[in-house]
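These notes concern the structure reproduced below.
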Amino acid sequence: MISIRFINNKLHIKTETMMGPGQYSEFMGLMDDTPDSEYISDRYTWITSTDILDDLIALFTEDGIAWYNSIEEIKGIEENYIPDISTDDSKLQDLKLTPYPFQVVGINFLYEKKKALVTDEMGLGKSLTGIGAAHLLIKEGKANKVLVVCPTSLKYQWGEEVSKFTDYRSIVIDGTPKKRKGLLEEFKTNPEIQFAIINYELVRNDLEIVKDIDVDIMILDEIHRMKNRATQTSKAMKQLKSKYRFGLTGTPMQNKLEELWNIMDWINPKILGGFWPFSGQHIVLGEKFGKRNVIIGYKRLGELRQKIAPYMIRRLKKDVAPELPEMVFNTFRVDMTPEQKKIQSSLEFGLADVQQKIEEFNTRNPGEYNEDGEWQEEKAKEEAQIPGYLNAMIANSDSPELLRMSDSFFMNRHIHENNLSDKKLKSPKLEELYTICSDIIERGEEKVVIFTQFARMQALAVEKLKKLGGVAVLNGSMSAKERDEQKKNFEFNPDVKFFVLTDAGNYGLNLAFAQTLIMIDIPWNPAIFDQRAGRVHRLNSTGNVVNIISILTNNSIDEHIEEVIKDKKHLSSQLVENRSVETSAMKNIIQSITKKK
């Protein structure tokens with residue numbers, strides 16, 4: 001079996017499972033006879049023209065190929081399955097703020113469909129779309145109780161949005177179990193409270209109480225939080241009943257097709273049917289490296305799009321909101337200190353050693369297990385170390401102090417082995433961050449948002465920036481109320497210049513009053529990169545330009561991640577982005593790091 005990806009108008013073909021001799025001979029003949037075919041040996045991939053697509057289908061059959069793009073997309077066939085949607089805003093005149101025309105379309109879409117997804121790009125005001133559709137249903141007497149489920153960091157913001165756009169009352173479910181029970185009971189019994197806002201984790205924890213409330217409308221914000229069908233959160237959400245179901249997300253399909261199924265199953269189980277029939281229709285399984293039922297790719301993606309398109313609407317900023325401020329991207333690069341170079345070298349040698357052991361396992365016993373399963377266990381143990389090495393490299397790039405501060409023996413070891421235990425460890429990134437922020441404040445800019453993936457790096461950044469002005473913080477250890485207080489302190493206190501967040505603040509948070517966002521470290525996933533940028537690049541952004549700044553360390557893992565983001569950007573408009581893309585990207589990074597050793 002082969003897999004086919006459509007990248008930059010070329011077919012990327014990879015052999016996934018063993019072919020028969022005749023089929024292999026015919027396939028190689030087809031590749032040799034195609035003038036612009038090129039074989040990339042280190043990726044085991046043929047890159048060739050789309051002209052041979054029909055020949056490949058004839059050789060392998062459509063269902064005998066693992067697809068990552070639909071045939072229609074590859075052939076440039078554009079099909080519109082979305083029905084006409086009303087642009088009538090006459091019933092929305094009593095909203096406190098006038099929605100944009102594209103938001104009116106989204107509101108009417110949800111209202112007409114009753115169960116649907118709005119997957120507009122981040123920053124386009126999906127919350128107003130959900131609130132507006134609920135308003136129409138309440139106004140017409142078709143609904144009264146609305147349950148909004150969202151990430152913890154957005155609960156109080158949702159309450160503010162309801163008050164900003166409507167005259168309805170809302171209640172935020174938070175606090176101790178006893179307090180939450182009282183709030184949920186108040187929502188259930190008080191007809192004057194239309195909206196209750198709760199986070200995903202509390203739905204799971206308070207499921208029996210929440211299930212007992214008659215809810216007419218459910219709005220799931222950042223619905224991809226329940227994408228994994230095996231999680232308790234997903235199972236809890238599916239136990240709640242409502243006549244109307246609205247899902248909101250800017251990143252509906254980050255990884256696997258199974259996750260898309262799970263989201264659509266919550267929206268309306270009739271759209272895609274049961275999981276196993278769906279899997280048989282659209283998921284290609286195979287055997288690789290001795291493992292069975294490995295997802296190799298997908299099939300019939302055009303049919304899948306036809307099924308889901310009538311229930312999903314997506315608009316991009318560039319298409320519907322030309323009045324949005326321009327986003328300017330800048331990269332500031334710093335050099336490693338001698339200490340960082342020592343640590344980096346130590347990590348690279350360690351990673352290369354792990355890779356060599358894995359290769360030896362593959363060479364010694366490719367694709368098989370011994371009777372005791374030792375090969376599988378041995379190899380898995382080595383593979384489990386890889387994320388630790390990559391994470392340590394990112395931490396070292398940020399600040400080697402993170403390795404010393406860590407509770408992990410693995411992290412600490414690379415400090416001790418390089419005789420750095422008693423040495424002061426500097427962070428060029430922190431120095432550059434200070435310089436950038438100092439310049440921004442000097443030119444009169446009021447507010448700066450800063451992201452890092454490490455809570456300890458957040459603490460180091462706060463300590464550094466205190467010299468320039470007040471600092472607000474948000475991280476995963478804080479309650480929803482604490483997060484909201486920090487956000488308001490940053491927004492309304494003129495002395496607080498900086499808001500330093502971990503990715504716990506990456507979803508839905510509206511920081512449109514800030515004009516600069518700085519990333520101390522950049523994420524693997526371009527969707528997370530865009531989510532960070534979407535905190536400040538929004539419809540109600542206050543400036544003409546929004547500056548997105550990344551700080552990268554030269555000759556470090558940062559540069560490899562930067563390349564991954566560039567390579568993966570083209571996937572964002574596709575129906576599916578598969579986990580194997582993540583795996584492939586990570587393998588490329590590992591190879592590029594270990595090649596030097």
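Keep in mind it's a predicted model, so treat the numbers as computed, not measured.
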| said: Nearest 0.5 angstrom please: K299 NZ to D63 CG, how far? | reply: 4.5 Å
| task | Check step by step if side chain to side chain contact (heavy atoms under 4.5 Å, CB included) holds for E222 and C150. | result | CA-CA 6 Å; E222 308 294 350; C150 65; over 6 Å; no
| Side chain to side chain, M18 and Y24, heavy atoms closer than 4.5 Å | no
| request: For residues I40 and E38, determine if any side-chain heavy atom of one lies less than 4.5 Å from a side-chain heavy atom of the other. | output: yes
| Heavy atoms from other residues, nucleotides or ligands near CG of D214 exceed 12 (cutoff 6.0 Å) | no
| request: Kindly indicate whether the side chain of V146, heavy atoms from C-beta on, has any atom under 4.5 Å from the side chain of V162. | output: no
| task | Evaluate the side-chain proximity of I522 to F529: yes if any heavy-atom separation is below 4.5 Å, no if none is. | result | yes
| Is the shortest side-chain N to carboxylate O distance from R204 to E201 below 4.0 Å? | no
| field | Verdict with reasoning, Y298 to V284, per side chain to side chain contact (heavy atoms under 4.5 Å, CB included) | value | CA-CA 5 Å; Y298 305 110; V284 179; 5.5 Å; no
| query | With a 4.5 Å heavy-atom cut-off, do Y200 and L220 have their side chains touching? | reply | yes
| Test item: side-chain donor near acceptor, K357 and Q385, under 3.5 Å | no
| said: For A116 versus I267, what's the shortest heavy-atom pair and its separation? | reply: O-CD1, 3.5 Å
| Other residues, nucleotides, ligands: >12 heavy atoms within 6.0 Å of K10 NZ | yes
| note | Interatomic distance, OG1@T87 vs CD1@I107, rounded to 0.5 Å, equals 12.5 Å
| message | Using side-chain heavy atoms (C-beta onward) and a distance below 4.5 Å, is L136 in contact with K142? | response | no
| request: To the nearest 0.5 angstrom, please state how far the CG atom of L117 sits from the CE atom of M312. | output: 6.5 Å
| query | At their closest point, which heavy atom of L509 faces which heavy atom of L154, and how far apart are they? | reply | N-CD2, 3.3 Å
| query | Between the side chain of Q157 and the main-chain N/O of N510, is any donor-acceptor distance below 3.5 Å? | reply | yes
| said: Quick one about S234 and N262 (side-chain donor to acceptor, distance below 3.5 Å, no hydrogens or angles considered), yes or no? | reply: yes
| query | When the ring planes of F278 and H282 are compared, do they come out parallel, tilted or perpendicular, using 30° and 60° as the limits? | reply | tilted
| request: Give the C-alpha distance, both sets of side-chain angles, the deciding distance and a yes or no for side chain to side chain contact (heavy atoms under 4.5 Å, CB included) between I131 and W158. | output: CA-CA 10 Å; I131 292 168; W158 258 95; 3.5 Å; yes
| task | Give a yes or no on whether a salt bridge exists between K91 and E140, defined as a side-chain N under 4.0 angstrom from a carboxylate O. | result | yes
| message | Can you confirm whether M28 is buried at CE, in the sense that more than 12 heavy atoms of other residues, nucleotides or ligands lie under 6.0 Å from that atom? | response | yes
| Is the side chain of K145 donor-acceptor paired with the backbone N or O of F187 at a distance under 3.5 Å, no angle test? | yes
| said: Please check: side-chain N/O of N108 versus main-chain N/O of S86, any donor-acceptor pairing under 3.5 Å? | reply: yes
| T249 side chain vs I223 backbone, donor-acceptor pair below 3.5 Å | no
| request: Check whether any side-chain heavy atom of I295 lies under 4.5 Å from a side-chain heavy atom of E258, and answer yes or no. | output: yes
| request: Would you indicate whether the side-chain heavy atoms of L272 and I308 approach each other to under 4.5 Å? | output: yes
| request: Without swapping roles, check the side chain of S242 against the backbone of R245 for a donor-acceptor pair under 3.5 Å. | output: no
| said: If I compare all heavy atoms of Q103 with all of L128, which pair ends up nearest, and what's the gap? | reply: OE1-CD2, 3.4 Å
| field | Shortest non-hydrogen contact between N144 and I138, atoms and distance | value | O-CD1, 4.3 Å
| task | For the pair K238 and D265, find out whether any cationic side-chain nitrogen is under 4.0 Å from an anionic carboxylate oxygen. | result | yes
| said: Quick check against the 3.5 Å criterion: does R532 have a side-chain atom that pairs as donor or acceptor with the backbone of F451? | reply: no
| field | Test item: K307 side-chain N/O and I271 main-chain N/O as donor-acceptor pair under 3.5 Å | value | no
| Would K115 count as a cation-pi partner of Y311, with NZ or CZ less than 6.0 Å from the six-membered ring centre and within 45° of the ring normal? | no
| query | What's the spacing between W67 CH2 and F6 CZ if we round to 0.5 Å? | reply | 11.5 Å
| field | R5 side chain to N69 backbone, donor-acceptor under 3.5 Å | value | no
| query | Do N199 side-chain atoms and K155 backbone N/O form a donor-acceptor pair below 3.5 Å? | reply | no
| Is a side-chain N or O of K211 found less than 3.5 angstrom from the main chain of K241, in a donor-acceptor match? | no
| What's the verdict on side chain to side chain contact (heavy atoms under 4.5 Å, CB included) for L240 and V215, showing C-alpha distance, side-chain angles and the deciding distance? | CA-CA 9 Å; L240 303 181; V215 173; over 6 Å; no
| task | Using the six-membered ring wherever Trp is involved, compare the ring planes of W46 and Y39 and label them parallel, tilted or perpendicular (cut-offs 30° and 60°). | result | tilted
| note | I209 and L184 have their tightest heavy-atom pair at CG2-CD1, 3.7 Å
| query | Shortest non-hydrogen contact from D521 to Q453? | reply | OD1-N, 3.0 Å
| query | Would D212 and K188 pass as an ion pair if we require N to O under 4.0 Å? | reply | yes
| request: Can you measure from CG (L304) to CG (L260) and round to the nearest 0.5 angstrom? | output: 6.0 Å
| task | Could you tell me whether R225 sits above the aromatic face of W266, with NZ or CZ closer than 6.0 angstrom to the six-membered ring centre and within 45 degrees of the axis? | result | no
| Distance (rounded to the nearest 0.5 Å) between F246 CZ and L248 CG | 9.0 Å
